[in-house]
Amino acid sequence: MHPLLEKTLQIKPQLNWSLIFGVSFFLAVVIGLVQITTGVSDWLVENKDAQIKHLTVQGNPKYTDEIAIIRAIKKADLTSFFDLNVKHVQQLVQDLPWVASVSVRKQWPDTLQVYVVEHRAVAHWNSDLLLNQNGDAFEAKSNKLSKNLPQLYGPEGSEQEAWIAFQQFDEMLKVNALTLKSLALSERFSWQLWLDNGVRLNLGRKDKAKRVQRFIDVYPRMEKRADAQIDAIDLRYDTGLAVSFKPLQEEQLQNKSKA
């Protein structure tokens with residue numbers, strides 16, 4: 001037999017076995033995928049009526065009652081674990097007054113987990129709103145609020161600027177044993193501060209930090225009057241300041257004379 005023909009006959013069986021093995025493996029994979037798909041389909045049919053039966057609220061909310069959170073969640077359709085719209089539930093909870101952010105996740109087979117982060121109120125804003133630690137205004141009420149929250153006032157949109165300025169001034173005054181109680185920013189962006197001792201500082205529109213520092217430097221050396229107390233200090237000058245007094249009430253005079 002010719003050597004080339006003999007070599008060809010030797011290779012042919014090898015090629016046939018490789019082809020058979022490849023086809024068999026392909027068919028096995030296809031059959032396996034079909035079985036898996038059928039199994040998943042049957043499982044979904046069997047569990048299509050799975051419902052949310054348990055709710056867990058995490059995050060330890062202080063101002064938002066857990067009952068209010070559950071009530072908000074139950075506004076969503078909880079009849080199907082698979083069809084539940086997690087984003088809808090998230091929005092329902094985030095619409096509650098004190099809630100700053102919320103995350104929602106489903107846990108098989110019947111549990112919904114809700115993690116709540118609340119606003120941290122740091123100041124009152126224009127008497128009817130609150131500011132959080134980021135200087136964002138929100139509307140909420142609670143009898144758990146600290147009575148020592150400062151009062152801030154200003155035009156809409158100036159919340160963050162007012163809060164940043166308040167923190168700056170408060171830090172400067174605290175170092176000098178003075179306490180800032182309130183701050184107001186006018187429509188023309190003129191600044192006024194109120195201290196807890198009743199003194200009002202008029203800073204004007206520019207160089208406000210320098211003017212606060214000028215007050216801090218001068219205040220300990222100001223002449224104190226026996227019949228009156230400082231009402232306001234006008235710092236809207238390039239140098240110097242103007243002081244206005246208000247008369248003491250009779251009760252204040254009596255207390256001062258006893259001191």
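Atom set for the values below is all heavy atoms of this structure, side chains included, hydrogens, waters and symmetry mates excluded. Residue numbers start at 1 and run along the sequence shown.
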Peer 1: Kindly list each side-chain donor-acceptor pair under 3.5 angstrom involving residues 166-180, sequence neighbours excluded, with atom names and distances?
Peer 2:
from, atom 1, to, atom 2, distance (Å)
Q167, NE2, W163, O, 3.4
D170, OD2, K174, NZ, 3.3
N176, ND2, M172, O, 2.9

Peer 1: According to ring-ring contact (aromatic ring centres under 6.0 Å, His included), who are the partners of F138, at least two apart in sequence or on a separate chain?
Peer 2: W98, H119
Peer 1: Under 3.5 Å, side-chain donor or acceptor atoms of residues 196-203 against the rest of the protein: list the pairs with distances, not counting sequence neighbours.
Peer 2:
from, atom 1, to, atom 2, distance (Å)
N197, OD1, V199, N, 3.1
N197, ND2, Y219, OH, 3.2
R200, NH1, Q192, OE1, 2.9

Peer 1: Going by heavy atoms in the side chains, are Q213 and I216 under 4.5 Å from each other?
Peer 2: yes
Peer 1: Show the nearest heavy-atom pair for residues L185 and S158, with the distance to one decimal.
Peer 2: CD2-CB, 3.9 Å
Peer 1: Count the heavy atoms of every other residue, nucleotide or ligand shown that sit under 6.0 Å from CG of D238, and state whether that count exceeds 12.
Peer 2: no
Peer 1: Looking at E187, I'd like to know if its CD atom is crowded, meaning that more than 12 non-hydrogen atoms belonging to other residues, nucleotides or ligands lie closer than 6.0 Å.
Peer 2: no
Peer 1: Which atoms form the tightest heavy-atom contact between L131 and E159, and what is the distance?
Peer 2: CD2-CB, 3.7 Å
Peer 1: Could you state the interatomic distance from CG (D234) to CG (L241), rounded to the nearest 0.5 Å?
Peer 2: 8.5 Å
Peer 1: Using modelled atom types only, decide if a donor and an acceptor are shared between the side chain of R211 and the backbone of K206 within a distance under 3.5 Å.
Peer 2: yes
Peer 1: Just do the side chain to side chain contact (heavy atoms under 4.5 Å, CB included) check on T64 and E118 with the steps written out, would you?
Peer 2: CA-CA 8 Å; T64 308; E118 289 186 312; 2.7 Å; yes
Peer 1: I want to check something: taking the side chain as every heavy atom from C-beta on, are Q160 and N134 in contact at a cut-off of under 4.5 Å?
Peer 2: no
Peer 1: Could you grab the distance from atom OH of Y237 to atom CZ of R214, nearest 0.5 Å is fine?
Peer 2: 10.5 Å
Peer 1: Would you say the side chain of K208 lies within less than 4.5 Å of the side chain of V212, judging by non-hydrogen atoms?
Peer 2: no
Peer 1: Any side-chain heavy-atom pair from N60 and K62 closer than 4.5 angstrom?
Peer 2: no
Peer 1: If you compare all heavy atoms of E139 against all heavy atoms of D128, which two are closest, and at what distance to 0.1 Å?
Peer 2: CG-O, 4.4 Å
Peer 1: Examine L183 and I164 and state if one hydrophobic cluster contains both, with Ile, Leu, Val, Met, Phe, Trp and Tyr joined whenever side-chain heavy atoms are less than 4.5 Å apart.
Peer 2: no
Peer 1: Provide the closest heavy-atom pair for A140 versus P97 in the form atom of the first, atom of the second, distance.
Peer 2: CB-CB, 3.9 Å
Peer 1: Tell me, please, which residues at least two apart from S101 pass side-chain contact (heavy atoms from CB on, under 4.5 Å).
Peer 2: V117
Peer 1: Between K106 and F81, is there a side-chain heavy-atom distance shorter than 4.5 Å?
Peer 2: yes
Peer 1: Would you say that K144 contacts Y63 through its side chain, given a criterion of any heavy-atom pair below 4.5 Å between the two side chains?
Peer 2: yes
Peer 1: If two hydrophobic side chains count as joined below 4.5 Å and joins carry through other members, does L92 share a cluster with V86?
Peer 2: no
Peer 1: Looking only at heavy atoms, what is the nearest atom pair of L145 and H124, with distance?
Peer 2: CD1-CE1, 4.5 Å
Peer 1: Hydrophobic clusters here meaning ILVMFWY residues chained together by side-chain heavy-atom distances under 4.5 Å, can you tell me if V102 and L84 are in one?
Peer 2: yes
Peer 1: Looking only at heavy atoms, which two atoms of N132 and V122 are closest? And how far apart?
Peer 2: O-CG2, 3.3 Å
Peer 1: Within the structure provided, determine whether V243 and M222 are in side-chain contact (heavy-atom separation under 4.5 Å).
Peer 2: yes
Peer 1: Not counting sequence neighbours, which residues clear side-chain contact (heavy atoms from CB on, under 4.5 Å) with S182? List them please.
Peer 2: Q151, Y153, W194
Peer 1: Side chains of residues 67-75: which donor-acceptor partners sit under 3.5 Å, not counting sequence neighbours?
Peer 2:
none

Peer 1: Are the side chains of L112 and I52 in touch, meaning some heavy atoms are under 4.5 Å apart?
Peer 2: yes
Peer 1: L152 and F189: same hydrophobic cluster, using ILVMFWY side-chain contacts below 4.5 Å?
Peer 2: yes
Peer 1: Using 0.5 Å steps for rounding, measure from the CG atom of D110 to the CG atom of L78.
Peer 2: 11.5 Å
